[in-house]
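Notes for the one structure printed next.
Within every chain, numbering begins at 1; the chains are lettered A, B, ... in the order of the sequence lines, protein sequences first and strands thereafter.
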Amino acid sequence: MKKASTDGTSFFDDVYAVVRMIPKGRVTSYGAIAQYLGTKLSARMVGWAMNAAHNVHPTVPAHRVVNRNGMLTGKHHFATPTLMEELLRKEKIEVKDEKVVNFQEKFWDPSRELSL
DNA sequence: AGCCTGACTTTGT
DNA sequence: GACAAAGCCAGGC
């Protein structure tokens, strides 16, 4: 991520924006964000964008972004592998065996919630 | 310019 | 039901 798009905004920024829009106590999946951004065919890019989010400010609540199964696949990319779970628990989100409990209930779909 | 990698998702065996 | 492979796009070297 050396250079953004010519318009000064990369799809990374969109990802960050969406992630920051995630309501507290809610989680979403890479695919959901990807779909909202239009890059639904590449959920990887969302995760890839999150990789760069470490240097992005304001802080991006990447801990609210999990995979389609509600699994905390990206926890290893945080400062500490337990940080993600800790943060989620603070959001009243229960985490069991690296997975979000009642994930489907906590799931927040940007393409759905933001389109209401 | 070309090849590799990556925090996903879906589908097929 | 579990495992494997492919598709996707953008960034890094």
Show each protein N/O and nucleotides 1-5 of chain B N/O combination with a separation under 3.5 Å, one pair to a line.
none

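- Take A:Thr39 and apply the side-chain contact (heavy atoms from CB on, under 4.5 Å) test, not counting sequence neighbours, and it matches A:Phe11, A:Ala34, A:Leu37.
- The stretch residues 59-75 of chain A participates, sequence neighbours left out, in these side-chain hydrogen bond (donor to acceptor under 3.5 Å, both in side chains) pairs: A:Arg64-A:Glu91, A:Lys75-A:Glu98.
- Within residues 92-100 of chain A, no residue is approached by DNA chain B to less than 4.0 Å at the level of any non-hydrogen atom.
- One can place NE2 of A:His76 at 11 Å from P of B:dA7, the figure rounded to the nearest angstrom.
- When the side-chain contact (heavy atoms from CB on, under 4.5 Å) test is applied to A:Lys92, no partner is found at least two apart in sequence or on another chain.
- Partners of A:Lys106 by side-chain hydrogen bond (donor to acceptor under 3.5 Å, both in side chains), not counting sequence neighbours: none found.
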Protein-to-nucleotide contact annotation, 5' to 3' order, nucleotides 8-13 of chain B [B base; S sugar-phosphate only; - none; under 4.0 Å, heavy atom]: BS----
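- Listed for the A:Ser29 side chain is a donor-acceptor partner under 3.5 Å among the backbone atoms of A:Ala32.
- Counting non-hydrogen atoms under 4.0 angstrom, A:His54 reaches a base of the nucleic acid.
- Sorted by first and then second residue, the ring pair (Phe, Tyr, Trp, His ring centres under 6.0 Å) pairs involving residues 19-42 of chain A (not counting sequence neighbours) form an empty list.
- Rounded to whole Å, the distance from OH on A:Tyr16 to P on B:dA7 is 15 Å.
- Counting to the nearest Å, the P atom of C:dC8 and the CG atom of A:Leu37 are 18 Å from each other.
- Listed by chain and number, the residues in a side-chain contact (heavy atoms from CB on, under 4.5 Å) with A:Glu94 are A:Val101 (sequence neighbours excluded).
- Within the nucleic acid shown, A:Ala62 comes within 4.0 Å of at least one base atom, counting heavy atoms only.
- Whole-Å rounding puts the A:Lys75 NZ to B:dA7 C1' distance at 13 Å.
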Counting only pairs under 3.5 Å, give me each side-chain donor-acceptor contact of residues 82-90 of chain A, with atom names and distances, residues two or more places apart or in other chains.
from    : atom 1 : to      : atom 2 : distance (Å)
A:Glu85 : OE2    : A:Arg89 : NE     : 3.2
A:Glu85 : OE2    : A:Arg89 : NH2    : 3.3
A:Arg89 : NH2    : A:Val95 : O      : 2.8

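- Side chain of A:Tyr16 to backbone of A:Ala49: a donor-acceptor contact under 3.5 angstrom is found.
- Every residue two or more places apart in sequence or in another chain that forms a ring-ring contact (aromatic ring centres under 6.0 Å, His included) with A:Phe107 is listed here: A:Phe103.
- Under the rule for a side-chain hydrogen bond (donor to acceptor under 3.5 Å, both in side chains), the partners of A:Asp109 that lie at least two apart in sequence or sit in another chain are A:Ser111.
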